[in-house]
*Asks:* 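Take a look at the following structure, please.
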Amino acid sequence: MSMPEPHRHGEATGRKAGVVIASTRAAAGVYDDLTGPVIIDWLTEHGFEPFPPLVVPDGEPVGAALRALLTQQPAVIITSGGTGLSPTDATPEQTLPFLDREIPGIMEGIRSAGTAKTPLAMLSRGHAGAAGQTFIVNLPGSPKGVMDGLGVLDPILGHLCDQLEGSHGH
């Protein structure tokens, strides 16, 4: 007796994805970006076709990078960094104007996953939501925080993309 194929939500193959790394020091070459490669690998493993990551200084360059990526109409944009409380952390403020609809449960899930490992995850700010048919999410700037966030996105991202594209029946 053969086992039925598992039900899969959201075939990602062919969907474009963008990555924005908000780090003034990485953008200046002071140190290597460690989160961009993690996100790119994860997106590729999940069938997305990511653009090369944009590593930009904190603040207004994040908004400019988001604006540029949105012209390419990706299904997903994932940011990393700029979500803390330092004076230059402004990724959430740069992201919010682009969102037509917020999806607060995703950020609640990301913070909850991180808080299970470190109470400092409660200090992470960010937004998740839709900019037209593009899903945008702000992840923390640490590789562990990024992995926690990707773990939350793993079971929902394809279905979320389906819904934003209007190709899912509910």
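By convention here, the first residue in the shown sequence is residue 1.
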*Asks:* Report yes or no: do Ile39 and Ile106 belong to one cluster of Ile/Leu/Val/Met/Phe/Trp/Tyr joined by side chain heavy-atom distances under 4.5 Å?
*Replies:* yes
*Asks:* Which donor-acceptor pairs under 3.5 Å do side chains of residues 135-142 form with protein atoms, sequence neighbours excluded?
*Replies:*
| residue | atom | partner | partner atom | Å |
| --- | --- | --- | --- | --- |
| Asn138 | OD1 | His127 | N | 2.9 |
| Asn138 | ND2 | Thr79 | OG1 | 2.8 |
| Asn138 | ND2 | Thr95 | OG1 | 3.0 |
| Ser142 | OG | Gly145 | N | 2.9 |

*Asks:* By side-chain contact (heavy atoms from CB on, under 4.5 Å), which residues pair with Thr118, not counting sequence neighbours?
*Replies:* Leu120, Ala121
*Asks:* Between Ile21 and Leu54, is there a side-chain heavy-atom distance shorter than 4.5 Å?
*Replies:* no
*Asks:* Given Val76 and Phe48, is the side chain to side chain contact (heavy atoms under 4.5 Å, CB included) satisfied, shown in steps?
*Replies:* CA-CA 9 Å; Val76 175; Phe48 288 89; 3.6 Å; yes
*Asks:* Could you state the interatomic distance from NZ (Lys117) to NZ (Lys144), rounded to the nearest 0.5 Å?
*Replies:* 9.0 Å
*Asks:* Does any part of the side chain of Leu153, heavy atoms only, come nearer than 4.5 Å to the side chain of His46, both counted from C-beta?
*Replies:* no
*Asks:* Near Gln73 CD, under 6.0 Å, is it more than 12 heavy atoms from other residues, nucleotides or ligands?
*Replies:* no
*Asks:* Does any pair with a residue in residues 22-40 pass side chain to side chain donor-acceptor pair (under 3.5 Å), and if so which ones, sequence neighbours excluded?
*Replies:* Ser23-Tyr31, Thr24-Asp58, Asp33-Thr35, Thr35-Ser80
*Asks:* Val146, Leu160: one ILVMFWY side-chain cluster at the under-4.5 Å cut-off?
*Replies:* yes
*Asks:* Which residues pass the side-chain contact (heavy atoms from CB on, under 4.5 Å) test with Ala90, sequence neighbours left out?
*Replies:* Glu93
*Asks:* If hydrophobic clusters are built from ILVMFWY residues whose side chains come within less than 4.5 Å, do Leu34 and Val38 share one?
*Replies:* no
*Asks:* Hey, are the side chains of Cys161 and Leu157 touching, using non-hydrogen atoms and a 4.5 Å cut-off?
*Replies:* yes
*Asks:* Which value, rounded to the nearest 0.5 Å, describes the distance between Leu43 atom CG and Lys16 atom NZ?
*Replies:* 12.5 Å
*Asks:* Are Leu66 and Ile40 connected into the same hydrophobic cluster when the rule is that any two of I, L, V, M, F, W, Y join if their side-chain heavy atoms are below 4.5 Å apart?
*Replies:* no
*Asks:* So Met147 and Trp42, do their side chains get closer than 4.5 Å, heavy atoms only?
*Replies:* no
*Asks:* Atom CD of Gln133 and atom CD of Glu165: how far apart are they, to the nearest 0.5 Å?
*Replies:* 6.0 Å
*Asks:* What are the two closest heavy atoms between Gly63 and Phe98, and how far apart are they?
*Replies:* O-CZ, 3.5 Å
*Asks:* Would you say Thr134 and Ile77 make side-chain contact, with heavy atoms under 4.5 Å?
*Replies:* yes
*Asks:* Please name all residues satisfying side-chain contact (heavy atoms from CB on, under 4.5 Å) with Pro104, sequence neighbours left out, ordered by chain then number.
*Replies:* Glu102, Glu108
*Asks:* Taking side chain as C-beta onward, heavy atoms only, is Arg111 less than 4.5 Å from Val152?
*Replies:* no
*Asks:* Minimum heavy-atom separation for Ala27 to Pro57, with atom names?
*Replies:* CB-N, 3.6 Å
*Asks:* When hydrophobic residues are tied together by side-chain contacts of less than 4.5 Å, even through go-betweens, does Leu96 share a cluster with Val20?
*Replies:* yes
*Asks:* Which heavy atom of Ala131 sits nearest to which heavy atom of Leu70, and what is that distance?
*Replies:* CB-CD2, 4.1 Å
*Asks:* Going by the rule side chain to side chain donor-acceptor pair (under 3.5 Å), which residues pair with Thr44 if we only count those two or more places apart in sequence or in a different chain?
*Replies:* none
*Asks:* Looking only at non-hydrogen atoms, find the nearest pair between Ala22 and Val62 and report the distance.
*Replies:* CB-CG2, 3.6 Å
*Asks:* Determine whether Thr83 and Ser124 satisfy the following criterion, side chain to side chain donor-acceptor pair (under 3.5 Å), listing intermediate values before the conclusion.
*Replies:* CA-CA 5 Å; Thr83 61; Ser124 183; 3.3 Å; yes
*Asks:* Decide, yes or no, whether a salt bridge links Arg125 with Asp89 under the criterion of side-chain N to carboxylate O below 4.0 Å.
*Replies:* no
